[in-house]
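These notes concern the structure reproduced below.
The first residue in the sequence is number 1, and the count goes up from there. Source: prediction; values computed, not measured.
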Amino acid sequence: MFDTRELGRRPGALRRVSRTVEAPEGLGIEVIGVPVGAPLDVELRLESVMEGVLVTGTVRAPLAGECVRCLEPLAQEVTADFQEMFSYPESEGPARRQADAADEEGDEESLFLQGDLFDLEPVLRDAVVLALPLQPVCREDCPGLCPDCGVQLAQDPDHHHDDAVDIRWAALRDLAGQLRPDGSSAGQDKQAKAPRGRGDDPQET
């Protein structure tokens with residue numbers, strides 16, 4: 001919770017706030033996110049307006065996850081900007097009607113001050129999650145894993161496998177191995193050198 005009492009309700013009043021808070025659960029996606037309890041560095045600009053308090057800020061948070069290519073653990077940092085209006089409780093009637101109209105149009109629902117306090121967690125959650133990389137990598141040129149054996153190609157750049165031969169071409173491969181450069185085969189030589197019998201001579205009667 002953040003307090004707005006020092007800001008007051010005079011339109012145009014400004015106040016800057018810097019605070020470090022602990023990250024809540026679920027601040028991330030499947031492959032990367034902010035660890036629970038990690039420090040969130042929040043810089044806020046609070047501005048008093050007619051309807052409530054306009055909050056503009058930046059949040060910086062450490063990230064932990066894994067590379068989607070090589071599956072190695074990685075540590076990064078995310079920075080996200082946000083802006084949100086927190087309406088005064090007494091303006092809930094008009095603001096609620098505007099929020100209901102916004103819901104029908106698919107917009108987000110308005111947030112309200114709770115006395116002089118406002119809860120920034122849902123705003124921080126949306127800002128951080130939307131800023132997360134959907135395909136985090138340990139480095140831009142990460143080659144990933146070998147699709148055949150799963151070895152990390154970054155650790156073995158010369159890694160390769162012999163080309164697999166389709167079983168349907170195995171017979172043709174064996175035949176090609178028997179052929180000589182002139183197109184003849186070993187079988188033809190054996191046939192040519194075989195002794196002829198008396199009945200093999202076409203001119204013999």
Side-chain angles (χ1 to χ4, degrees), residues 1-69 71-140 142:
M1 288 287 188
F2 288 80
D3 199 333
T4 65
R5 281 176 293 185
E6 295 184 9
L7 178 66
R9 293 198 175 190
R10 181 174 58 84
L14 296 174
R15 181 171 177 245
R16 296 187 181 276
V17 177
S18 297
R19 186 182 299 180
T20 300
V21 297
E22 293 185 356
E25 295 183 2
L27 201 59
I29 56 178
E30 183 178 358
V31 291
I32 195 168
V34 182
V36 177
L40 303 180
D41 295 326
V42 183
E43 300 285 340
L44 299 179
R45 178 180 182 271
L46 310 182
E47 180 180 1
S48 179
V49 295
M50 291 294 296
E51 299 84 2
V53 177
L54 180 63
V55 180
T56 304
T58 300
V59 56
R60 285 179 293 275
L63 298 177
E66 64 180 23
C67 176
V68 296
R69 296 179 187 172
L71 305 183
E72 278 292 289
L74 55 81
Q76 298 179 352
E77 184 178 85
V78 65
T79 300
D81 298 324
F82 56 89
Q83 185 175 72
E84 189 66 49
M85 169 69 76
F86 288 86
S87 300
Y88 292 128
E90 59 267 23
S91 65
E92 183 171 353
R96 178 61 60 187
R97 289 193 292 271
Q98 294 178 2
D100 292 340
D103 287 343
E104 294 178 359
E105 297 176 0
D107 295 333
E108 295 182 356
E109 184 178 351
S110 297
L111 299 177
F112 294 89
L113 290 165
Q114 301 174 27
D116 294 314
L117 306 175
F118 63 88
D119 183 6
L120 199 60
E121 180 177 328
V123 178
L124 293 178
R125 184 181 300 277
D126 290 345
V128 170
V129 172
L130 289 175
L132 293 176
L134 297 179
Q135 299 289 325
V137 292
C138 57
R139 67 187 201 200
E140 290 299 327
C142 175

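Annotation for E77: atom CD counts as buried by contact number, over 12 foreign heavy atoms lying within 6.0 Å.
Side-chain contact between V128 and V34: present, with at least one pair of heavy atoms (C-beta onward) separated by less than 4.5 Å. Considering only heavy atoms from C-beta on, T56 stays 4.5 Å or farther from L44 through its side chain. The closest side-chain heavy-atom distance from E121 to P24 is below 4.5 Å. Here the side chains of V49 and E47 are in contact, with some heavy-atom distance below 4.5 Å. Put simply, the side chain of L27 reaches to within 4.5 Å of the side chain of L40, judged on heavy atoms.
Contact record, P35 with A64: CG-CB, 3.9 Å, taken as the closest heavy-atom pair. Residues A80 and A127 come closest through the heavy atom pair CB-O, 3.5 Å. Contact between L132 and I32 at its shortest, heavy atoms only, is CD1-O, 3.9 Å. Here the closest heavy-atom approach between residue F82 and residue T58 is recorded as CE2-N, 3.7 Å. Contact between L74 and C138 at its shortest, heavy atoms only, is CD2-N, 3.9 Å. Taking all atoms of both residues into account, the shortest heavy-atom contact from R125 to G26 is NH1-O, 3.2 Å.
The OG1 atom of T20 lies 9.0 Å from the CZ atom of R60; values are rounded to the nearest 0.5 Å. Between the OH atom in Y88 and the CG atom in D116 there is a gap of 9.0 Å [rounded to 0.5 Å].
Counted by atom type alone, S87 and E51 present zero donor-acceptor pairs between their side chains at under 3.5 Å.
Without hydrogens or angle criteria, E43 side chain to R19 main chain gives no donor-acceptor distance under 3.5 Å.
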Output a table of donor-acceptor pairs, distance under 3.5 Å, between side-chain atoms of residues 6-17 and any protein atom two or more places apart or on a different chain; print 'none' if there are none.
unit_1	atom_1	unit_2	atom_2	d
E6	OE1	R15	NE	3.3
E6	OE1	R15	NH2	3.3
R9	NH1	E90	OE2	2.4
R15	NH1	D3	O	3.4

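Residues that satisfy the salt bridge (Lys or Arg N to Asp or Glu O under 4.0 Å) test with E66, not counting sequence neighbours, are absent from this structure.
In this pair, F86 and F118 present their aromatic rings tilted. The plane angle is within the 30 to 60° band.
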*Worked verdict on Q83 versus L54 for side-chain contact (heavy atoms from CB on, under 4.5 Å)*: CA-CA 7 Å; Q83 185 175 72; L54 180 63; 3.8 Å; yes
